[in-house]
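For the single chain, residues carry numbers from 1 onward in sequence order. This is a predicted model, so every value here is computed, not measured.
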Amino acid sequence: MLALWRNARLATLADAAAWGWIEDGALVVAGQYLHWVGDARHLPRSLPIAEEHDLGGALVTPGLVDCHTHLVYGGTRADEFEARLHGATYADIARQGGGILSTVRATRAASDEDLLAAAIRRARTLLAEGVTTVEIKSGYGLTYADEARCLRIARQLAQRLPLTVCTTYLAAHALPPEFTGRPDDYIAEVCACLPELHAAGLVDAVDAFCETIGFSVEQTRRVFETARQLGLPVKLHAEQLSDQGGALLAAEFGALSCDHLEYVNPAGIRAMAQSGTVAVLLPGAFYFLRETQLPPVSALRAAGVPLAVATDHNPGSSPTLSLLLMLNLACTLFQLTPEEALRGITVHAARALGLADRGVLAAGRRADFVVWPLAHPRELAYWFGGCHPQQVIVGGKEVVRHGVIVG
């Protein structure tokens, strides 16, 4: 059965520039996929259309992709936010046993039911704003059992909500208290756990925090080598607080993405361009931590590195659940154009997850799209706060109508 969605302004993003704009566009959906996309004047008359939807001239974009989140965790870190306002740095708090380890304690103490309920609330907020695909990292358990349950809960979200969920193993996120002073032993444990978690179907990709308060390049290399042996793609938290050479390592392993990148050096940028690694910009963390070192967007752009944007939702450095706000911050703080920013939460965000079946509106791609009560896609970056979809379509089915989840 074919469904026609007509009378729409389409930002297909299928072309290299100019939004892939179609002023009077139409979409034909067959099951979960787009069968035809184009100018309504060229709609084939022979198509057996079974149902029609008149969108009244509304804007339609691809479904949004949030390619970097830490959605499953317990507790909050509002106290640390207050401490930073009094002068403490993110690194100071981490060295005093706060930071990631604070969330680790809260996550370990929480029940599966509480973790799932909280994650569902967060994911519903993203979905209501037009996010149809989300990546969720582990990294707040730091034991085999707790990492496994966080990944399992992430998988359950996809069963509870009409969302695609990609899971990333981030046990190399921080050194747990059980391994104080023994980071190499912990990395050995991280590597030993990965094959079993992968065999259980819980891992889509592998990540690490390569930083002075995280893990060294050589320790990260051990994690990446284990991932490569299992055929798993890698991603990396790289160059957020200092230049550790993480981008070079990630590019060596053909990483899907390097994320943060405030301190990435020219050699790292060249390596990412050669490997096709996506730069995931996280303006929420930059803003919330009141950082001053901007990622070198101009250099990344000039090198041809794809630029993605994500929420980095987490309780410590980016407790936001608005990818549209990140769209605006990517423009106002990092000087992306509105078109670059929108491609960053669709085309390039999908690429950062290794997903080739979404992110643009084109025949053969998933029928994940968002209907907006707007005249032009630049308005998505212009309005910061209060911009809500008219409808969200996932796999050809309406799942959100005027902010209410219906699917």
Side-chain angles (χ1 to χ4, degrees), residues 1-65 129-133 162 164 306 323-324 327 336-351 355-383 387-403 406-407:
M1 183 178 75
L2 299 182
L4 171 64
W5 298 74
R6 59 181 180 84
N7 195 9
R9 293 183 172 95
L10 302 182
T12 69
L13 304 179
D15 301 332
W19 307 96
W21 185 253
I22 301 175
E23 179 66 29
D24 181 14
L27 305 162
V28 178
V29 175
Q32 295 185 2
Y33 293 88
L34 293 167
H35 179 76
W36 186 91
V37 178
D39 191 307
R41 296 172 299 177
H42 303 142
L43 179 68
R45 295 181 180 275
S46 60
L47 292 178
I49 304 298
E51 63 180 70
E52 292 192 21
H53 305 269
D54 186 342
L55 296 177
L59 170 68
V60 176
T61 70
L64 308 186
V65 178
E129 198 182 63
V131 173
T132 58
T133 300
T164 297
L323 190 54
L324 289 183
L327 193 75
L336 269 65
T337 68
E339 183 184 341
E340 283 178 321
L342 182 58
R343 289 180 184 274
I345 62 172
T346 52
V347 182
H348 299 315
R351 181 172 172 177
L355 300 175
D357 64 345
R358 67 200 70 201
V360 302
L361 300 177
R365 304 297 180 98
R366 273 186 61 86
D368 292 355
F369 55 93
V370 188
V371 182
W372 306 92
L374 303 171
H376 196 277
R378 68 173 67 94
E379 293 184 61
L380 291 169
Y382 169 74
W383 299 107
C387 182
H388 302 292
Q390 186 172 303
Q391 292 170 281
V392 179
I393 313 301
V394 177
K397 296 182 179 180
E398 182 187 43
V399 300
V400 175
R401 184 184 303 133
H402 298 297
V406 297

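- Among all heavy-atom pairs drawn from P338 and A381, the shortest one is CB-CB, 4.1 Å.
- Using a distance-only test at 3.5 Å, with no hydrogens or angles considered, a donor-acceptor pair links the side chain of D368 to the main chain of G395.
- For the pair V370 and G130, the tightest heavy-atom approach, listed with the atom from each and the gap, is CG2-O, 3.5 Å.
- Distance check: T337 OG1 to L342 CG gives 9.5 Å after rounding to the nearest 0.5 Å.
- Between the side chain of Q390 and the backbone N or O of A58 there is no donor-acceptor pair closer than 3.5 Å.
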Side chain to side chain contact (heavy atoms under 4.5 Å, CB included) for Q32 and R366? Distances and angles first, verdict last.
CA-CA 6 Å; Q32 295 185 2; R366 273 186 61 86; 3.4 Å; yes

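- For the residue pair T132/R358, the side-chain donor-acceptor check at 3.5 Å is not satisfied.
- Contact check for L13 versus P377: no side-chain heavy atoms found under the 4.5 Å cut-off.
- The two atoms that bring E339 and A16 nearest to each other are OE2-O, 4.2 Å, heavy atoms only.
- Using a 4.5 Å cut-off on side-chain heavy atoms (C-beta onward), F369 and P62 make no contact.
- Contact of the T346 side chain with the L64 side chain is registered, since non-hydrogen atoms from C-beta on lie closer than 4.5 Å.
- The structure places CG of L323 at 4.5 Å from CD1 of I345, a figure rounded to the nearest 0.5 Å.
- In terms of heavy atoms, Y33 sits closest to G364 at CD2-O, 3.6 Å.
- Using a 30° and 60° split on the angle between ring planes, W19 and H376 fall in the perpendicular class, above 60°.
- Applying the side-chain contact (heavy atoms from CB on, under 4.5 Å) test between V60 and each of V37, I22, L361, I393 identifies L361 as the sole match.
- Considering SG of C387 and CH2 of W372, their distance stands at 5.5 Å, rounded to 0.5 Å.
- Going from atom CG of L374 over to atom CG of L59 covers 6.0 Å, rounded to the nearest 0.5 Å.
- Between H35 and A30, the closest heavy-atom pair is CB-CB, 4.0 Å.
- Note that the CG atom of L2 and the CG atom of L27 stand 12.5 Å from one another [nearest 0.5 Å].
- To the nearest 0.5 Å, atom CH2 of residue W5 and atom CG of residue L10 are 12.5 Å apart.
- The minimum heavy-atom distance linking R365 with V360 is given by the pair NH1-CG2, 3.1 Å.
- A side-chain contact (heavy atoms from CB on, under 4.5 Å) with L55 is found for one member of Q391, R6, R9 and no other, namely Q391.
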